Amino acid sequence: MIVVLSVGGSVICHSQHRFAEYSRVLKTVSSDHTVFVVVGGGATARDYIEKARTFEADEAFCDAIGIGVTRLNARLLIAALGRDAYPVPPETQEDAVVAALFRRIVVMGGTVPGHTTDAVAAILAEHAQADLLINATATDGIYTKDPKKHPDAVKLDEISPERLVGLIAAEKMGAGANLPLDMLAAKIIERSGISTVVIDGSDPSNVLTALRGEQIGTYVR
Ligand code: UTP
């Protein structure tokens, strides 16, 4: 299979140990599958962006800072993977697909201002004609409402891309669903019909469970 893993910065930057755990899982997965990883920026990106805003930097400039941090995090995962990784983070999805021809794990960060690494991963999944997009995030799936605010929120085992787009639109209107995917990523998943699963990224072995096709997190299909 061709697999794209989007791992949140807050998830992978939790500790150095987490980078090592992810690299072990990814090495296992890459013996059977073509693997691409997109790494987020996490707290460091937010910290740098906040500091830049105090200097009244514009939002596109702040995005460029965020992209820089995602690429640094990508390099750290490349360091953990050693010779199993393509040695530099590609700066575009097209370059990532070309890099995969070297038969190593391809790790990248952000691309252009205005979106997040979830959207980068969804576009990469399109370009690479991926069989599965795995979103390893800070929650254990997609809920009907924000579970932190609503005790009656229900975790969904499965959701259609159309309903996901609707939930994200509702969140934007202030309904407070607190979703792990952004609108652009959801729209791309909808238009391409990419099989997607949102999992709890705090346990990297959840990636293996998802690849076995077992029920975990929330499937978008
Ligand atoms: P992230 O994708 O990490 O954003 O990119 P996030 O939503 O904060 O995700 P977590 O916390 O890692 O899960 C960090 C920032 O980098 C910029 C945006 O400003 C984003 O908020 N960025 C990232 C881009 O502008 N373009 C990209 O392609 C990627």
Side-chain angles (χ1 to χ4, degrees), residues 4-16 18-19 22 36-78 88-97 99 106-128 133-143 146-148 164 167-168 171-172 176-189 196-204 206-207 217-218 220:
V4 175
L5 170 68
S6 174
V7 55
S10 52
V11 167
I12 200 163
C13 296
H14 176 262
S15 61
Q16 194 178 349
R18 192 65 67 71
F19 275 90
Y22 264 100
F36 296 88
V37 188
V38 182
V39 185
T44 310
R46 276 192 293 279
D47 180 37
Y48 270 68
I49 287 170
E50 269 166 36
K51 287 191 169 96
R53 283 198 184 119
T54 67
F55 296 118
E56 294 178 10
D58 60 70
E59 286 305 302
F61 189 98
C62 292
D63 281 345
I65 288 182
I67 292 166
V69 176
T70 63
R71 288 179 179 160
L72 274 180
N73 289 339
R75 279 193 192 267
L76 205 49
L77 182 58
I78 290 169
V88 291
E91 297 194 353
T92 67
Q93 287 90 348
E94 284 182 344
D95 285 349
V97 172
V106 177
V107 186
M108 68 185 291
T111 53
V112 291
H115 57 225
T116 70
T117 45
D118 288 339
V120 171
I123 296 165
L124 176 57
E126 269 194 340
H127 261 299
L133 170 61
I134 303 174
N135 193 278
T137 182
T139 63
D140 62 352
I142 298 173
Y143 285 75
D146 185 347
K148 290 189 203 107
L164 176 62
L167 279 183
I168 295 170
E171 181 187 44
K172 281 197 165 167
N178 188 35
L179 291 148
L181 286 166
D182 67 24
M183 181 60 101
L184 182 57
K187 288 293 235 180
I188 288 162
I189 291 165
T196 303
V197 57
V198 176
I199 59 166
D200 176 1
S202 66
D203 182 355
N206 287 339
V207 171
T218 303
V220 185

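Quick note: residue numbers are just sequence positions, from 1. Model, not experiment: these values are computed from the prediction. For ligands, and for the atoms within them, numbers begin at 1 and follow the listed sequence.
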[X], any N or O under 3.5 Å of ligand 1 N or O:
{"X": "G8", "answer": "no"}
{"X": "V112", "answer": "yes"}
{"X": "T70", "answer": "no"}
{"X": "D118", "answer": "no"}
{"X": "C62", "answer": "no"}
{"X": "G42", "answer": "yes"}

Enter the distance from [X]:[atom1] to [Y]:[atom2] here, rounded to the nearest 0.5 Å.
{"X": "I188", "Y": "D118", "atom1": "CD1", "atom2": "CG", "answer": "10.5 Å"}
{"X": "M108", "Y": "T117", "atom1": "CE", "atom2": "OG1", "answer": "10.0 Å"}
{"X": "T44", "Y": "N73", "atom1": "OG1", "atom2": "CG", "answer": "6.0 Å"}
{"X": "T218", "Y": "D140", "atom1": "OG1", "atom2": "CG", "answer": "7.5 Å"}

For N206, all residues meeting side chain to side chain donor-acceptor pair (under 3.5 Å), sequence neighbours excluded: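 With neighbours one apart ignored, the set is empty.
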Can you tell me the protein heavy atom closest to [atom] and the distance?
{"atom": "atom 14 (C) of ligand 1", "value": "A45 CB, 4.1 Å"}
{"atom": "atom 15 (C) of ligand 1", "value": "G66 CA, 3.9 Å"}
{"atom": "atom 1 (P) of ligand 1", "value": "T117 OG1, 3.6 Å"}
{"atom": "atom 23 (C) of ligand 1", "value": "H115 O, 3.5 Å"}

Under 4.0 Å from [atom], is there any protein heavy atom?
{"atom": "atom 11 (O) of ligand 1", "value": "yes"}
{"atom": "atom 21 (O) of ligand 1", "value": "no"}
{"atom": "atom 8 (O) of ligand 1", "value": "yes"}

Pairing residues for I49 by the side chain to side chain contact (heavy atoms under 4.5 Å, CB included) criterion, not counting sequence neighbours: R53, C62, I65
Distance under 4.0 Å to a non-hydrogen atom of [X]: what atoms of ligand 1 satisfy this?
{"X": "D63", "result": "17 (C), 18 (C), 19 (O), 25 (O)"}
{"X": "T111", "result": "27 (C), 28 (O)"}
{"X": "G110", "result": "27 (C), 28 (O), 29 (C)"}
{"X": "G40", "result": "3 (O), 12 (O)"}
{"X": "G9", "result": "10 (P), 12 (O), 13 (O)"}
{"X": "G41", "result": "1 (P), 3 (O), 12 (O)"}
{"X": "P113", "result": "25 (O)"}
{"X": "G114", "result": "25 (O)"}

Structural part of V120 in contact with ligand 1, heavy atom criterion under 4.0 angstrom: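 Just the side chain.
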Residue portion contacting ligand 1 (non-hydrogen atoms closer than 4.0 Å) for R46: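 It is the side chain that gets close, since no backbone atom is under 4.0 Å.
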Test log, rule side chain to side chain contact (heavy atoms under 4.5 Å, CB included), inputs I142 and L179: CA-CA 6 Å; I142 298 173; L179 291 148; 3.5 Å; yes
If every non-hydrogen atom of [X] is compared with every non-hydrogen atom of [Y], which pair is closest and at what distance?
{"X": "A128", "Y": "F36", "answer": "CB-CE1, 3.7 Å"}
{"X": "A186", "Y": "I168", "answer": "CB-CD1, 3.5 Å"}
{"X": "A136", "Y": "G201", "answer": "CB-CA, 3.8 Å"}
{"X": "L124", "Y": "V38", "answer": "CD2-CG2, 3.8 Å"}
{"X": "Q93", "Y": "H127", "answer": "CB-CD2, 3.5 Å"}
{"X": "G141", "Y": "P180", "answer": "O-CG, 4.1 Å"}

E59 near ligand 1 by a heavy-atom separation under 4.0 Å: no
Test side chain to side chain contact (heavy atoms under 4.5 Å, CB included) applied to T111 and V120, I67, D95, T70, the passing residue: V120
